[in-house]
Amino acid sequence: DIKDKNISGEKRVKEFYTHNGLLYLVYSFAIVSIDMDKMLIAETWYTLRNNENFTAHSFTCFNEQFYVSSNAGILYSSIDNPALADFSSWTLDNTLLDYDILCPFNHDLYAGKRGKDTLYYFHNNQWQKEERFAVTDLRYLKSTNDELLIGGWGYVDIINNQGNTIFYHYWDTPYSWADARDAQFD
């Protein structure tokens, strides 16, 4: 039980992600996978790479690879890697440090940083700044097959797969949605 373990670092779940019947819980110190059919912990991948701890922020699957954003950069590995629990077997891309949101959308992987105004996407094997739509005070990203939901501290913007805004709502009163931390597609 993680709650009772003597582990340094925050013991709060930062993010949930599901893939192929497993629920992945992102902690700063580990990625924990839970078999949803058996309701048992399948694996725990401690965030240690080459004898150095790193802090995990976000986790996703894109193009048959797992991605973890961290303070060291973005790590990725094939979902078929037999040594997924060993982060030294993952590739480290240190182009984007401390980006804490990962979201696949429209054949690209997006990376953002909460509270910042910049969004990047991975295309043709390189990170590119997203300039087709404005991002301010980023709070979350969600996607479906053909829509990207961008949430900030005072707005929600939904982008279609052509890069056009199909819904936008901004609020300026302090009590409208100012405490919204997340949004979901329905």
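Given the structure is predicted, the values throughout are model-derived calculations rather than measurements.
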Reported CG-to-CG distance for the pair L148 and D146, which is rounded to 0.5 angstrom
11.0 Å
Could you label the plane-to-plane angle of the Y121 and H123 rings as parallel, tilted or perpendicular, counting under 30° as parallel and over 60° as perpendicular?
tilted
Heavy atoms only: give me the nearest G115-D137 pair and the separation to one decimal.
O-OD1, 3.5 Å
So, do T118 and V135 sit near enough that their side-chain heavy atoms are less than 4.5 Å apart?
no
Tell me if the CD atom of Q162 is crowded by more than 12 foreign heavy atoms within 6.0 Å.
yes
Could you tell me whether the side chain of S88 and the main chain of R49 form a donor-acceptor pair under 3.5 Å?
no
Using side chain to side chain contact (heavy atoms under 4.5 Å, CB included), reason through E147 and T144 one step at a time and then give a plain yes or no.
CA-CA 5 Å; E147 295 176 342; T144 64; 3.5 Å; yes
What about W127 and F122, are their ring centers closer than 6.0 Å?
yes
Are D86 and L48 close enough, and set up right, to give a side chain to side chain contact (heavy atoms under 4.5 Å, CB included), and what steps lead you there?
CA-CA 8 Å; D86 178 8; L48 183 68; over 6 Å; no
How long is the straight-line distance from OH of Y27 back to CZ of R12, given to the nearest 0.5 Å?
11.0 Å
Keeping N71 on the side-chain end and D98 on the backbone end, is there a donor-acceptor pair under 3.5 Å?
no
Taking a hydrophobic cluster as the set of Ile, Leu, Val, Met, Phe, Trp and Tyr residues connected by side-chain heavy atoms closer than 4.5 Å, whether directly or through intermediates, do F16 and L22 fall within one such cluster?
no
If you take all heavy atoms of F105 and N161, which pair is closest and at what distance?
CZ-CA, 3.8 Å
Out of curiosity, I74 CD1 to T95 OG1, how far, rounded to the nearest 0.5 Å?
8.0 Å
If hydrophobic clusters are built by linking Ile, Leu, Val, Met, Phe, Trp and Tyr wherever their side-chain heavy atoms come under 4.5 Å apart, do I41 and I31 end up in the same one?
no
So, taking the atom named CD in E43 and the one named CG in D35, what distance separates them when rounded to the nearest 0.5 Å?
11.0 Å
Evaluate the criterion side chain to side chain contact (heavy atoms under 4.5 Å, CB included) for residue pair F87 and N50; output intermediate values, then yes/no.
CA-CA 8 Å; F87 280 103; N50 301 327; over 6 Å; no
State the CD1-NZ distance between I101 and K142, to the nearest 0.5 angstrom.
8.5 Å
Judged by atom type as modelled, is there a donor-acceptor pair below 3.5 Å linking the side chain of T165 to the main-chain atoms of F167?
no
Between S28 and T47, what is the shortest heavy-atom contact and its length?
O-OG1, 3.3 Å
Are L138 and Y168 linked, directly or through other ILVMFWY residues, by side chains that come within less than 4.5 angstrom of each other?
yes
Please report the C-alpha distance between V156 and L149 in whole Å, then the side-chain angles of each, then the deciding distance to 0.1 Å, and finally whether the side chain to side chain contact (heavy atoms under 4.5 Å, CB included) criterion is met.
CA-CA 7 Å; V156 171; L149 186 148; 4.2 Å; yes
Checking the side chain of S58 only, and the main-chain atoms of L102 only, is there a donor and an acceptor separated by less than 3.5 Å?
yes
Taking S33 for the side chain and L23 for the main chain, is one N or O donor matched with an acceptor at less than 3.5 Å?
no
Minimum heavy-atom separation for S77 to L84, with atom names?
OG-CD2, 3.7 Å
Just so I know, are the side chains of N106 and I159 near enough to count as touching, which here means a heavy-atom distance under 4.5 Å?
no
Taking all non-hydrogen atoms of both residues into account, name the closest pair between P104 and L109 and its distance.
N-CD1, 3.8 Å
Sub-3.5 Å donor-acceptor pair from the side chain of N160 to the main-chain atoms of N164, do we have one?
yes
Taking every non-hydrogen atom, the tightest pair across A83 and S89
O-OG, 3.0 Å
Have Q128 and Y120 got a donor and an acceptor in their side chains that come within less than 3.5 Å?
no
Answer whether the closest heavy-atom distance between the side chains of Y110 and E130 falls below 4.5 Å.
yes
So, Y76 versus F62, ring centres under 6.0 angstrom or not?
no
ILVMFWY network linking F29 to V26, side-chain heavy atoms under 4.5 angstrom:
no
Rounded to the nearest 0.5 angstrom, the SG-CG distance for C103 and L119 is 9.0 Å
Group every Ile, Leu, Val, Met, Phe, Trp and Tyr by side-chain heavy-atom contacts under 4.5 Å, then state whether L92 and I79 land in the same group.
yes
Residues pairing under salt bridge (Lys or Arg N to Asp or Glu O under 4.0 Å) where one sits in residues 99-124, two or more places apart or in two chains, turn out to be D100-R114
Could you tell me if the side chain of I150 sits less than 4.5 Å from the side chain of Y155, heavy atoms only?
yes
Applying side-chain contact (heavy atoms from CB on, under 4.5 Å) between C61 and each of Y17, Y67, Y24, report the one that passes.
Y17
Is the F59-F66 ring centre distance short of 6.0 angstrom?
yes
Indicate yes or no for a side-chain donor-acceptor contact from K14 to the backbone of A56 under 3.5 Å, with no hydrogens or angles considered.
yes
